[in-house]
Amino acid sequence: MPEHVSILQWAGVAVLALAAVAWVTGLSRMLRRGGFEAPAADPRPGPTALPALPRQRQTGPDRESVELTPAEKDAFAGLVRQLAEGR
């Protein structure tokens, strides 16, 4: 044991080592219990967890598009040029 290290410092190291061992032991037991497994897929359709919420759509909304007039296309091109020049 080095002379410049006090008994309190050695005790602190021992306490920290014991705390680390206890933390790792507790963490491994918690993970071993299976509390963090992914839930199995439910083959039954319908709400299972929160029946008060509406069912979500399986697909996204249809795409919408609008034809621009030549004046609108020119205005958009001018806006793009202005933004590009601002860099």
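Because only heavy atoms are used, hydrogens play no part in the values below, and waters and symmetry mates are left out as well, while side chains stay in. Since we're looking at a predicted model, the values are computed, not measured.
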What about [X] and [Y], same hydrophobic cluster or not, with Ile/Leu/Val/Met/Phe/Trp/Tyr joined at side-chain heavy-atom distances under 4.5 Å?
X	Y	value
W23	L31	yes
L16	V21	no
L83	V80	no

* Calculate, to the nearest 0.5 Å, the distance between atoms CE and OG1 belonging to M30 and T25 respectively. =>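 Between atom CE of M30 and atom OG1 of T25 there are 12.0 Å.
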* E72 versus E67, closest heavy-atom pair with distance ->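 In this case the closest contact between E72 and E67 is OE1-O, 4.3 Å.
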